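Just so you know, these numbers come straight off a predicted model, no measurement behind them.
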Amino acid sequence: MPFTATPLDGLLIFEPRVFEDSRGYFFEAYNQSVFEAEGLQYNFVQDNQSFSSYGVVRGLHYQQNPHAQCKLVRALAGRILDVAVDIRKNSATYGQVFSVELTAENKKQLLIPAGFAHGFSVLSETAVVMYKCDALYNKESEGGIIYNDPELAIDWQLPEGAAVVSDKDLVLPSLKECKNNF
């Protein structure tokens, strides 16, 4: 089975089947029928890609309803710590954090349903991250949570003072103060 459940309902790790030989490897990074066989029906409509250097922290981001997005995240190059925070107010795991290392080598992907804030830190010299979204970006529905919210206590696996965060992300509110309609 290519999917592994996490402690947060709906948040799944996807490990595609990899075929390796003397030439290298091949795998299907996404196959709609594989997802549908697991009861996962998403219509991915947008692919995003970023390049970042060591220590960059992107997030924690989300889009509110009706433009909320499911994301399928993977590292094309390098190594990241991918982080999801449950922000569904009626969820038994509201405010809980899950993280997993995604690398070009392990080829794992994290399926993050709507209702989660998402971010990642770059643990290698550089990293290229790609993620599929099932809704188009909508600026007016943008939301976020400060990466170092003490109540979330996320271990970004970076030394003290090494985090490189955008000015925009440095002014995001805490989970308690964020605007959220999940």
Side-chain angles (χ1 to χ4, degrees), residues 6 8-14 29-30 32 35 40-91 93-100 102 109-123 126-154 156 158 162-182:
T6 70
L8 307 184
D9 187 39
L11 190 67
L12 300 171
I13 297 170
F14 172 61
Y30 174 74
Q32 184 176 2
F35 278 63
L40 303 168
Q41 297 194 356
Y42 296 104
N43 180 29
F44 291 113
V45 296
Q46 180 175 320
D47 284 353
N48 298 325
Q49 185 169 318
S50 68
F51 172 84
S52 306
S53 300
Y54 174 78
V56 166
V57 175
R58 295 185 184 265
L60 298 158
H61 303 142
Y62 57 90
Q63 287 198 177
Q64 297 191 66
N65 287 317
H67 302 285
Q69 296 174 317
C70 168
K71 297 176 181 177
L72 181 61
V73 184
R74 68 186 178 124
L76 297 176
R79 200 170 115 235
I80 65 168
L81 181 72
D82 208 43
V83 176
V85 179
D86 188 346
I87 59 173
R88 301 170 295 181
K89 293 176 183 168
N90 294 322
S91 169
T93 56
Y94 174 80
Q96 291 186 22
V97 176
F98 178 83
S99 63
V100 62
L102 304 180
Q109 299 177 49
L110 187 61
L111 180 67
I112 306 168
F116 285 80
H118 170 252
F120 65 86
S121 61
V122 178
L123 306 177
T126 61
V128 177
V129 175
M130 182 181 154
Y131 58 97
K132 303 179 105 33
C133 299
D134 72 340
L136 298 173
Y137 170 74
N138 180 279
K139 182 158 183 58
E140 291 72 38
S141 68
E142 242 179 30
I145 299 167
I146 188 78
Y147 81 102
N148 60 356
D149 183 337
E151 288 199 32
L152 296 176
I154 297 170
W156 293 98
L158 297 170
V164 179
V165 183
S166 72
D167 291 342
K168 181 179 173 183
D169 286 353
L170 284 173
V171 297
L172 291 173
S174 67
L175 175 63
K176 279 186 178 177
E177 300 167 333
C178 76
K179 184 178 170 188
N180 162 6
N181 64 7
F182 293 106

Asker: Evaluate Leu12 against Leu40 for side-chain contact (heavy atoms from CB on, under 4.5 Å), listing each step before the verdict.
Answerer: CA-CA 10 Å; Leu12 300 171; Leu40 303 168; 3.7 Å; yes

Asker: Suppose we screen for salt bridge (charged side-chain N to carboxylate O under 4.0 Å, His left out). Which residues come up paired with Glu140, at least two apart in sequence or across chains?
Answerer: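 So Glu140 forms no salt bridge (charged side-chain N to carboxylate O under 4.0 Å, His left out) with any residue.
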
Asker: Report yes or no: does Asp134 contribute a side-chain atom to a donor-acceptor pair with the main-chain N or O of Tyr42 at less than 3.5 Å?
Answerer: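 No, Asp134 side chain to Tyr42 backbone: no donor-acceptor pair under 3.5 Å.
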
Asker: Working to the nearest 0.5 angstrom, can you tell me the gap between Leu123 CG and Ile80 CD1?
Answerer: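 Output value for this atom pair is 8.0 Å.
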
Asker: Residues two or more places apart in sequence or in another chain: which of them pass salt bridge (charged side-chain N to carboxylate O under 4.0 Å, His left out) with Glu142?
Answerer: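 Glu142: salt bridge (charged side-chain N to carboxylate O under 4.0 Å, His left out) contacts with Lys139, Lys168.
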
Asker: So which atom in Tyr147 and which in Gly59 form the shortest heavy-atom distance, rounded to 0.1 Å?
Answerer: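 The pair with the smallest heavy-atom distance is CB-O, 3.9 Å.
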
Asker: Between Ala117 and Ile145, what is the shortest heavy-atom contact and its length?
Answerer: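 Shortest heavy-atom separation between Ala117 and Ile145 comes out as CB-CD1, 4.0 Å.
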
Asker: Within this structure, what is the CZ-OG1 distance for the pair Phe51 and Thr126, rounded to the nearest 0.5 Å?
Answerer: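 If I round to the nearest 0.5 Å, the distance is 4.5 Å.
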
Asker: I'd like to check the ring pair (Phe, Tyr, Trp, His ring centres under 6.0 Å) partners of Tyr30; sequence neighbours left out, ordered by chain and number.
Answerer: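 Residues passing ring pair (Phe, Tyr, Trp, His ring centres under 6.0 Å) with Tyr30: Phe35, Phe44.
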
Asker: How many angstroms lie between CG in Leu110 and CZ in Phe120, if you round to the nearest 0.5 Å?
Answerer: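 Reported to 0.5 Å precision, the distance equals 12.5 Å.
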
Asker: What pairs with Val164 under side-chain contact (heavy atoms from CB on, under 4.5 Å), at least two apart in sequence or on another chain?
Answerer: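 Testing Val164 for side-chain contact (heavy atoms from CB on, under 4.5 Å), a comparison that skips the adjacent residues, returns Val56.
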
Asker: Is Asp9 atom CG crowded by more than 12 heavy atoms from other residues, nucleotides or ligands, each under 6.0 Å away?
Answerer: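 It does not: Asp9 CG has 12 such atoms or fewer within range.
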
Asker: Just so I know, are the side chains of Leu172 and Leu60 near enough to count as touching, which here means a heavy-atom distance under 4.5 Å?
Answerer: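 Leu172 vs Leu60: side chains apart.
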
Asker: First locate atom CG of Leu72, then atom CD1 of Ile112, and finally report the distance between them rounded to the nearest 0.5 Å.
Answerer: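 These two atoms lie 8.5 Å from each other.
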
Asker: Tell me if a side-chain donor or acceptor on Lys89 pairs with a main-chain N or O of Asn180 at a distance below 3.5 Å.
Answerer: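 Present.
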
Asker: Please evaluate residues Leu11 and Thr93 with respect to the criterion side-chain contact (heavy atoms from CB on, under 4.5 Å), reporting the C-alpha separation (whole Å), side-chain torsions for both, the decisive distance (0.1 Å), and the verdict.
Answerer: CA-CA 11 Å; Leu11 190 67; Thr93 56; over 6 Å; no

Asker: Do you know which two heavy atoms are closest between Cys178 and Pro173, and how far apart they sit?
Answerer: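 Minimum heavy-atom separation between Cys178 and Pro173: CA-CG, 3.7 Å.
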
Asker: Any donor and acceptor pair, going by atom type alone, linking the side chain of Ser121 with main-chain N or O of Trp156 inside 3.5 Å?
Answerer: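 Yes: the side chain of Ser121 pairs with the backbone of Trp156.
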
Asker: Just how far is it from atom CG of Asn43 to atom NZ of Lys132, taken to the nearest 0.5 Å?
Answerer: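 So the gap between those two atoms works out to 10.5 Å.
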
Asker: Using the side-chain contact (heavy atoms from CB on, under 4.5 Å) rule, take His118 and Asp82 through it: C-alpha gap first, then chi angles, then the decisive distance, then the call.
Answerer: CA-CA 8 Å; His118 170 252; Asp82 208 43; 2.7 Å; yes

Asker: Asn181 side chain to Gln64 main-chain N or O, any donor-acceptor pair under 3.5 Å?
Answerer: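 Such a contact is absent between Asn181 side chain and Gln64 backbone.
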
Asker: If I take atom CG from residue Leu111 and atom OG1 from residue Thr6, how far apart are they, to the nearest 0.5 angstrom?
Answerer: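 Atom-to-atom, Leu111:CG and Thr6:OG1 are 10.0 Å apart.
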
Asker: Is any side-chain heavy atom of Tyr94 closer than 4.5 Å to a side-chain heavy atom of Leu175?
Answerer: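 SC-SC contact between Tyr94 and Leu175 confirmed.
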
Asker: Start with the C-alpha distance between Ser50 and Arg58, add both sets of side-chain angles, then the distance that settles side-chain contact (heavy atoms from CB on, under 4.5 Å), and finish with yes or no.
Answerer: CA-CA 10 Å; Ser50 68; Arg58 295 185 184 265; 4.0 Å; yes

Asker: Are the side chain of Gln63 and the backbone N or O of Asn138 linked by a donor-acceptor pair below 3.5 Å?
Answerer: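 Yes.
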
Asker: Could you report the tightest heavy-atom contact between Lys71 and Cys133, atom names first, then the distance?
Answerer: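 Scanning both residues completely, I find the closest heavy atoms to be CG-SG, 4.2 Å.
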
Asker: For a quick check under 3.5 Å, do Asn48 and Gln46 share a side-chain donor-acceptor pair by atom type?
Answerer: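 Yes - a donor-acceptor pair under 3.5 Å links their side chains.
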
Asker: I'd like to check the side-chain contact (heavy atoms from CB on, under 4.5 Å) partners of Ala77; sequence neighbours left out, ordered by chain and number.
Answerer: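 By the side-chain contact (heavy atoms from CB on, under 4.5 Å) rule, Ala77 matches Val128.
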
Asker: Just to verify, which of Asp86, Ile87, Val97 counts as forming a side-chain contact (heavy atoms from CB on, under 4.5 Å) with Phe116?
Answerer: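 Only match with Phe116 under side-chain contact (heavy atoms from CB on, under 4.5 Å): Asp86.
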
Asker: Minimum heavy-atom separation for Gly95 and Leu152, please, with both atom names.
Answerer: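 Residues Gly95 and Leu152, closest heavy atoms: O-CD2, 3.4 Å.
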
Asker: What residues form a side-chain contact (heavy atoms from CB on, under 4.5 Å) with Ala114, not counting sequence neighbours?
Answerer: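 Once residues adjacent in sequence are excluded, the partners of Ala114 under the side-chain contact (heavy atoms from CB on, under 4.5 Å) criterion are Ala68, Phe182.
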
